Amino acid sequence: MSEEGELTTIRCTIDGRPHEHRCHPLASALDFLRYVAGLTATKEGCKEGECGACAITLDGVVVNSCVVPAAHLQGRRVGTVEGLSRPDELSALQKAFLECGGAQCGICTPGMLVTGARLLEEGERLTEARIREHMAGNLCRCTGYGKIVESLLRASEEER
Amino acid sequence: MRLVGTSAPRAEGEAKLTGRARYVDDLPLTDFLWGLTVRSTIPYGRILSVDFDAGADWSGVTIVTAKDVPGKNVVVLLEQDQPILAADRVMHREEPIVLLAHRDRDRLWELASRVRIEYERWEPVLDIDASLALEQRLFKDDNVFKAIRIDKGDVEAAFARAARVFERTYETGLQEQAYIENQGMVATWDAAAGRLEVVGSMQCPYYVLKGLCPIMGLAPEQVVVEQAATGGAFGGKEDYPTILAAHASLLSYKSGKTVKMIYDRVEDLVATTKRHPCRTRIRTALDASGSILAMDVDATMDGGAYCTLSPVVLSRGTIHAGGPYNFENIRVESRVVATNTPPNGAFRGFGAPQTIFAMERHMDNLARELGRAPHELREEYLLRPGQTTAFSQNVGDDVYALDIQREAVARTRFEERRRECEEFNRSSRWERRGIGLATFLHGAGFTGNGEVVLDSRLKVEVTADGLVQIYSANTEMGQGKDTTFSQIAADSMGLPMARVRIITPNTARVPNSGPTVASRTAMVVGYLVQEACGAVRKALEAHAGRTWRDPDDFASLAAAHHRERGALEGWSRYEPPPGKVWDDKVYRGAAYGAYAWACYVAAVRVRLDTLEVTVESFDAFQEVGRVLNPVIAEGQIEGGVVQGIGYALCEEVKMKDGAMANANFTNYIIPTFADVPAVKVHFAERPYPFGPFGAKGIGELPMDGPGPALASALTHALGVEVNRIPATPEHLLELLGNE
């Protein structure tokens, strides 16, 4: 990314694993994940916090990683789409996306899953209105959103 | 088990759901340079000088200008008017002039601002009127990239005997494809081997190959193009990727390193192609009883600074301008003109959404003028079996317009809900409600003789361990092609989907089965999958002397074939359906192999204080031949409808001095979860004999209906004709004036 002199060491856990990398403190958390840690599952869509493709969790709170400085990851728990499933088994939400057609081109999908998984964790019975409100910060250009709503409703039923 | 018709899960779904799918920016690269483009800051003028600030550190920077193009400095499409890098003049804002590459991306951004370009500014032509007035000559003598005329019957005679003439003008704006993955490309020039490899986000690998060869001065055998996982395209990755691929290749050619170019959102929005704006005037000759004697349609599109695909966009737009109607006399005249704005290009629907908007709005306005319900007037003129379209194609029995509209009207309780809205509007002080519809058709595949010219070929191979591999150039970009092709192949071979593998589109490995555009992939290429499977099946059965009982038996027969006779493959090649003739000179005949027929019904609620529009319901009825995969087909329709809702209500590209002024997702608003209702999709199926298992193309269809259906609903709600989209609150305020 930038010249060596300006770098700082950032230590955090990503999907449960400890990470330590040198990075410019004002680089975005997204660039830290993708270009420094080499974890490309989290996607860039707009780089201004509008589309949600880069959504991750920071200590359990959903943020758009493109507008969070890498320095903010220091000592924190980062969650990405890669932490949602076990190596050989999709999560209930991922399975629901597969069955209901919640993913098409797939570029918004990691962010959708991270944001949606957080909603499921709240444990309440989901309604379409609740889903549409909670997910409104995640843009999708392929599905028209209906199949993602269905996926979340199905996952919510499965988990109950 | 039959797989076609079932919602088999997406073939590449797991990779996408776990984050394992590799998009171009995810590809692991070692020792590469980032590439960046320096663009024009004026819309029209001469380049006087290009200087590199001596105060900046240019060490380790690769610089490419027009002088470095090893082949011809031209983007070869329909015309050869566009340079890959502007040399002496610029024709539009954001035109590429200089390319830079360096290993440090941040440094590159700083250095881009240290490139000084001096211009002699010329007065730009920024809209259709200025172009037609020939304020500057931008393209040939008349600024017209292409003009088309369609004639049916005797329009002049009909107007001469008309009791009156009803005339309106309709306008549609620019629209951005807004795929969530920006354009990106990686190029590697291997000087020792004389070989160029390009991988990236694209719809059409062979288009990129064809475009690269003349620019790089290379033979086709020296160039390999491969598609990476592609995060949406919608036409935006049909023609533009050639430009980005060439830029990355030029930088790699000069530096000898792999070069990666990934646009950010702002660059993608300002620099890449958009949907053509269109203005359509329709005049209708009416007799004394209010019957339509003739239609006179005149459409003008803004092509932007270079020709790109504009002539074919205009062609599809012109052919669809007459809608699904039987008018005895109709004339359509159309043209696409040059302006000093970034070139417009392919976008789902490809000209049809613009002209269908005009015709559907016009039928609606006409009904209103004549005091009739919108569906009733349309019913009289909707095509019946054996009647002919505006371009004189006898549709024979493949016509479903009347049935689909009747079904839509009945199942949405259209008439009843119209009355309910009107009742509501009489009593409500703060809100208005309205319901509207649009009835339309969309032709699938290339227009006219286009499919014959493409001459698509496809290969199916059976491996020694009994896997069926499909070799096609068609790309998965979210539309579900990997899945539907797998279903078609599995059923054709009597095998489970797990035995089918899709080969990654790579021009060194797959034959040219044509571009992934024009609603052609499932219908035209899917049929080639079915045929190639038929060929390979026949070969294997002939060799074995029998057919197979199950997948294991199939594998053992395949292994025996490989041992005894060698590789096992089947090929197919496009053949036009019999009896379909198109005359390109007079624009008459079988424009498309098949049409999908649709009627979309939208209901809206408008707040009178803010003029905010809520879409209360959206019902999409369409006849599509055969649904290959219900979840995927519904997903296509729902996604297209929401893109169409954006087109109709909120997606406004604001142009200032020839450039997009609102080039980010904060200010260019695409619909979110919260902005749209659950779209209800209803399919009717009447199998098309030349589609796989009867399927027709549906990719573009859903883009056509929402604009006119929503404008119709808004007109019903507000009592003023809404003839321009996007119908933003600002535009509605203009229409309502001080009322």
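If you're wondering where the values come from, they're calculated on a predicted model, not measured in any experiment. Naming: A, B, ... by sequence-line order, numbering from 1 per chain.
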Asks: At a 4.5 Å cut-off on heavy atoms, which part of B:Asn629 comes close to chain A: side chain, backbone, both, or neither?
Replies: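 When you check distances to chain A, no heavy atom of B:Asn629 falls under 4.5 Å.
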Asks: For A:Thr143, is it the side chain, the backbone, both, or neither that has a heavy atom closer than 4.5 Å to a heavy atom of chain B?
Replies: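 Only the backbone of A:Thr143 comes within 4.5 Å of chain B.
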Asks: Is chain B contacted by the side chain of A:Leu113, its backbone, both, or neither, given a heavy-atom distance below 4.5 Å?
Replies: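 Just its side chain gets close to chain B.
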Asks: Indicate yes or no: at least one non-hydrogen side-chain atom of B:Ile180 is less than 4.5 angstrom from one of A:Lys43.
Replies: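 In short, these two side chains do not touch, never coming nearer than 4.5 Å.
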Asks: Are the side chain of B:Lys16 and the backbone of A:Ala103 linked by a donor-acceptor contact shorter than 3.5 Å?
Replies: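 No, the answer is negative, given that no donor and acceptor are paired below the 3.5 Å cut-off.
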Asks: For residues 146-154 of chain A, which side-chain N or O atoms pair as donor and acceptor with protein atoms under 3.5 Å away, sequence neighbours left out?
Replies:
residue	atom	partner	partner atom	Å
A:Lys147	NZ	B:Glu634	OE1	2.3
A:Ser151	OG	A:Lys147	O	2.6
A:Arg154	NH1	A:Glu99	OE1	2.9

Asks: Quick one: of B:Arg22, B:Arg20, B:Gln636, B:Glu14, who has the most non-hydrogen atom pairs under 4.5 Å with chain A?
Replies: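 The residue among B:Arg22, B:Arg20, B:Gln636, B:Glu14 with the greatest pair count is B:Glu14.
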Asks: Does A:Glu48 use its side chain to pair, donor to acceptor, with the backbone of B:Phe665 at less than 3.5 Å?
Replies: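 Indeed, once roles are kept as given, a pair shorter than 3.5 Å links the two residues.
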Asks: With a 4.5 Å cut-off on side-chain heavy atoms, are B:Leu17 and A:Leu98 touching?
Replies: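 Side-chain contact under 4.5 Å: yes.
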Asks: I need the A:Cys51 SG to B:Asn664 CG distance, nearest 0.5 Å.
Replies: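 Rounded to the nearest 0.5 Å, the SG-CG separation comes to 11.5 Å.
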Asks: Given side chain to side chain contact (heavy atoms under 4.5 Å, CB included), test A:Arg34 with B:Asp26 step by step and report yes or no.
Replies: CA-CA 8 Å; A:Arg34 291 182 54 82; B:Asp26 305 337; 2.7 Å; yes
Asks: May I ask you to decide whether A:Arg132 forms a salt bridge with B:Asp675, counting only side-chain N to carboxylate O separations under 4.0 Å?
Replies: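 Looking at A:Arg132 and B:Asp675, the cut-off is not met.
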Asks: In terms of heavy-atom pairs under 4.5 Å, which option from B:Thr666, B:Ile637, B:Leu269 contacts chain A the most?
Replies: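 Greatest number of close heavy-atom pairs with chain A: B:Thr666.
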Asks: Is it the side chain or the backbone of B:Val679 that comes within 4.5 Å of chain A heavy atoms, both, or neither?
Replies: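 Neither; nothing under 4.5 Å.
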Asks: Do B:Phe673 and A:Glu128 have side-chain heavy atoms sitting under 4.5 Å apart?
Replies: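 A side-chain contact under 4.5 Å is absent here.
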Asks: For each of B:Thr672, B:Asp264, B:Val676, tally heavy-atom pairs with chain A at distances under 4.5 Å, and name the one with the top tally.
Replies: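 Ranked by contacts with chain A, first place is B:Thr672.
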Asks: Out of curiosity, B:Tyr179 OH to A:Cys108 SG, how far, rounded to the nearest 0.5 Å?
Replies: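 Going from the OH atom of B:Tyr179 to the SG atom of A:Cys108 covers 16.0 Å.
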Asks: Using 30° and 60° as the class boundaries, would you call the ring planes of B:Trp34 and A:Tyr35 parallel, tilted or perpendicular?
Replies: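 Geometry flag for A:Tyr35 against B:Trp34: perpendicular rings.
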Asks: Applying a heavy-atom distance below 4.5 Å, give me the residues of residues 61-82 of chain A that approach chain B, sorted by number.
Replies: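 Expected list: A:Val81, A:Glu82.
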Asks: Just so I understand: if I count every heavy-atom pair under 4.5 Å between each of B:Gly478, B:Pro671, B:Ala15 and chain A, which residue has the most?
Replies: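 The option with the most such pairs is B:Gly478.
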Asks: Highest number of heavy-atom pairs under 4.5 Å with chain A: which of B:Glu476, B:Gln479, B:Gln177?
Replies: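 The answer is B:Gln177.
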Asks: Is it the side chain or the backbone of B:Ala674 that comes within 4.5 Å of chain A heavy atoms, both, or neither?
Replies: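 Backbone plus side chain of B:Ala674, per the 4.5 Å heavy-atom cut-off to chain A.
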Asks: Sort by residue number and list every member of residues 229-238 of chain B having a non-hydrogen atom under 4.5 Å from chain A.
Replies: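 Only B:Thr230, B:Gly231, B:Gly232, B:Phe234 of residues 229-238 of chain B have a heavy atom under 4.5 Å from chain A.
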Asks: Could you check if a side-chain atom of B:Thr18 sits within less than 4.5 angstrom of a side-chain atom of A:Gln94, using non-hydrogen atoms only?
Replies: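 Sidechains of A:Gln94 and B:Thr18: in contact.
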Asks: Which one of B:Gly640, B:Ala8, B:Gly635, B:Pro677 has the most heavy-atom pairs closer than 4.5 Å to chain A?
Replies: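 Top count of heavy-atom pairs under 4.5 Å with chain A: B:Gly635.
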Asks: Can you name the one residue among B:Glu181, B:Glu651, B:Glu176 that meets salt bridge (charged side-chain N to carboxylate O under 4.0 Å, His left out) with A:Arg141?
Replies: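 Result: among B:Glu181, B:Glu651, B:Glu176, B:Glu651 is the only option passing the salt bridge (charged side-chain N to carboxylate O under 4.0 Å, His left out) with A:Arg141.
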Asks: Excluding sequence neighbours, so at least two apart, what forms side-chain hydrogen bond (donor to acceptor under 3.5 Å, both in side chains) with B:Glu638?
Replies: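 side-chain hydrogen bond (donor to acceptor under 3.5 Å, both in side chains) check on B:Glu638 returns nothing, list empty.
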Asks: Under the 3.5 angstrom rule, does the side chain of B:Arg10 hit a backbone N or O of A:Gly101 as a donor-acceptor pair?
Replies: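 Looks like no, no N/O pair under 3.5 Å.
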Asks: Among the options A:Leu139, A:Leu93, A:Thr109, pick out the one with the most heavy-atom pairs lying under 4.5 Å from chain B.
Replies: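 Answer, by heavy-atom pair count under 4.5 Å with chain B: A:Leu139.
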Asks: Check each atom of A:Glu44 against the heavy atoms of chain B and say whether the ones under 4.5 Å are side chain, backbone, both or neither.
Replies: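 Both parts, backbone and side chain.
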